[in-house]
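Down below is the structure, laid out as structure tokens.
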Amino acid sequence: MISPSSDLQAQWARVREMLRAEFGDTAFGTWLKPLEVSRLEGDRVVMTVPTQFMRDWIVAHYGDRIRSMWAGVNPAVRSIALSVRPPEARTPPAPAADAARPAVSAVASAGCEPGEVAPEFEDMGARLDPRFTFDSFVVGKPNEFAVAAAEKVAASPSPPFNPLFLYGGVGLGKTHLMHAIGWRIREVTPGRRVVYLSAEKFMYQFVRALRRKDTMSFKELFRSVDVLMVDDVQFISGKESTQEEFFHTFNALVDRGRQIVISADRSPADLSGLEERIRSRLGWGLVADIHPTTYELRLGILQTKAEKLGVEVPVRVMEFLAARITSNVRELEGALNRIVHHASFSGRPISIDTAREVLKDLLRAHDRRVTIEEIQRAVVEHYGIRMADMSSSRRARAVARPRQVAMYLAKQLTTRSLPEIGKRFGNRDHTTVMHAIRQIERLCEEDRSLAEDVEVLRRRLQS
Ligand code: ADP
Ligand code: MG
């Protein structure tokens with residue numbers, strides 16, 4: 001059924017209110033307000049936006065919510081489409097009074113004390129989070145290379161490599177490391193002007209400058225920075241002017257010998273939303289990836305955080321968390337905080353049982369019951385060996401190592417005892433299982449590819 005367009009406008013007004021309530025005035029004003037509804041085509045609502053990059057941004061960040069809100073106010077709606085409005089249909093530019101006020105004033109940091117940041121720089125960048133320093137970052141195999149690179153950048157008066165490109169999955173410490181670089185530079189060379197900001201904020205400022213017809217001071221301001229760090233550049237996508245501007249800024253800074261640090265959730269080569277020349281340029285410096293955490297690193301992080309919180313958390317509880325919450329460090333931290341808060345409110349001691357109870361929802365997501373047989377099957381498949389090798393007495397490394405990996409995972413992912421596990425692996429003794437677990441723990445410390453195998457298997461089994 002096709003609603004008359006006045007109905008559609010009324011429905012849109014309700015969706016807009018919901019969007020504003022959910023995302024807040026700032027995000028709404030920047031990204032969602034410019035949306036206009038155009039028509040309903042069958043079960044699809046067509047909306048329009050002023051630019052391509054706004055379109056991409058809105059689709060990536062708000063698309064799902066917009067769609068479900070629409071479906072909420074009009075059950076006939078199943079999907080949404082965003083198209084770019086032709087220029088003549090665009091809303092008129094901001095009133096002259098607004099346009100006359102520069103978005104960002106020209107550089108005027110002369111009166112600044114060393115170590116202090118000129119207000120303009122505070123304004124264009126984001127504040128550094130005091131919790132995110134090198135001291136509070138726990139180093140392990142998966143991130144040691146990235147940490148070394150970050151420390152090198154922070155310590156070098158001129159760029160040792162440009163850009164430093166940090167990449168890795170969500171919640172693995174990219175933002176933390178960038179802030180750590182910022183703090184370290186402020187400490188050792190307070191005169192250098194460091195600006196850290198998200199790619200979102202970079203785009204926002206550029207768009208604002210465009211709107212106010214003041215891109216000159218935008219350019220000057222950004223190009224006067226000594227160290228520019230742009231977080232999450234996967235969001236600078238779309239073919240439009242921002243990407244171009246980002247690239248010009250980037251090149252201008254590199255030409256002047258200023259340091260650039262970039263982060264993204266994927267490697268430069270995989271940044272499909274970026275133009276080829278930009279993509280390849282981003283890879284010219286040092287590309288440092290942060291690998292998914294290993295069990296050992298997660299345990300180390302938990303120990304450090306618990307110490308910082310000043311709470312005694314039983315080792316068994318930490319092992320339980322490290323084994324169960326494998327997705328990312330943010331979630332791990334959140335889990336620990338919840339357990340600690342719960343203990344202080346309820347007055348009950350921290351135990352695996354209370355942890356299970358407090359983290360019920362979180363664990364449910366991770367907590368698929370895994371059987372020993374599933375583990376064996378996954379390991380067999382991963383290493384290309386035979387199921388019979390799991391219980392055979394063959395000691396050749398090619399089968400013995402995977403067998404040990406399977407035993408290790410069985411201990412970690414199931415509640416079976418060592419003798420029970422031994423029995424399922426060709427009636428082995430529990431001391432053999434114990435040895436296998438120790439062996440894998442030790443090897444994971446020094447053998448990154450084994451550690452990754454284990455992690456991949458763990459993920460697969462828990463997903
Ligand atoms: P990303 O930017 O890669 O998504 P963040 O830097 O925001 O991840 O990290 C998420 C949270 O996890 C932050 O609170 C951060 O302090 C913490 N964190 C991540 N890695 C580590 C680590 N190796 N040691 C200590 N804390 C970490
Ligand atoms: Mg981040």
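Quick caveat: nothing in here was measured; it's all calculated off a predicted structure. Start at 1 and go down the list; that is how both ligands and their atoms are numbered. The first residue of the sequence shown is numbered 1, and numbering continues consecutively from there.
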N or O contact, [X] vs ligand 1, cut-off under 3.5 Å:
X: Gly173; answer: yes
X: Val138; answer: yes
X: Val170; answer: no

In terms of residue, atom name and distance, what is the protein heavy atom nearest to [atom]?
atom: atom 16 (O) of ligand 1; result: His176 ND1, 2.6 Å
atom: atom 2 (O) of ligand 1; result: Thr175 OG1, 2.7 Å
atom: atom 26 (N) of ligand 1; result: Lys305 NZ, 3.0 Å
atom: atom 21 (C) of ligand 1; result: Phe137 CE1, 3.5 Å
atom: atom 17 (C) of ligand 1; result: Val329 CG1, 3.5 Å
atom: atom 7 (O) of ligand 1; result: Arg330 NH2, 2.8 Å
atom: atom 13 (C) of ligand 1; result: Glu333 OE1, 3.6 Å
atom: atom 4 (O) of ligand 1; result: Gly171 N, 2.7 Å

Hey, is [X] one of the residues with a heavy atom under 4.0 angstrom from ligand 1?
X: Ser136; answer: yes
X: His179; answer: no
X: Gly140; answer: no

Heavy-atom pair of closest approach, residues Arg324 and Leu363 =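 Nearest heavy atoms, Arg324 then Leu363: CB-CD2, 3.8 Å.
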query = What's the shortest heavy-atom distance between Leu172 and Ile290, and which atoms?
reply =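 It is O-CG2, 3.6 Å.
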key: ligand 1 versus Asn143: contacting region, heavy-atom distance under 4.0 Å   =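 Side chain only.
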inquiry  = For a ring-ring contact (aromatic ring centres under 6.0 Å, His included) check, start with the C-alpha distance between Phe202 and Phe222, then their side-chain angles and the critical distance, and finish with the verdict.
reply    = CA-CA 10 Å; Phe202 181 89; Phe222 270 96; 5.1 Å; yes
Determine whether the side chains of [X] and [Y] contain a donor N or O and an acceptor N or O closer than 3.5 Å.
X: Arg277; Y: Ser280; result: no
X: Arg458; Y: Gln412; result: yes
X: Tyr383; Y: Asp453; result: yes
X: Thr175; Y: Asp231; result: yes
X: Arg208; Y: Gln205; result: no

inquiry  = Using side-chain contact (heavy atoms from CB on, under 4.5 Å), reason through His382 and Val405 one step at a time and then give a plain yes or no.
reply    = CA-CA 11 Å; His382 185 81; Val405 166; over 6 Å; no
inquiry  = So if I count the atoms of ligand 1 from 1 in the order they appear, which ones are less than 4.0 Å from some heavy atom of Gly169?
reply    =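 Heavy-atom distances to Gly169 below 4.0 Å select 3 (O).
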ask   = Between Glu333 and Lys308, is there a salt bridge with N-O shorter than 4.0 Å?
value =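 No, Lys308 and Glu333 are not salt-bridged.
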key: Ser263 near the Mg ion (ligand 2) via N/O/S, less than 2.8 Å   =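 False for Ser263.
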query = Only one of Val230, Leu221, Leu228 clears side-chain contact (heavy atoms from CB on, under 4.5 Å) with Thr249; which?
reply =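 Going through the options one by one, the only one that passes is Leu228.
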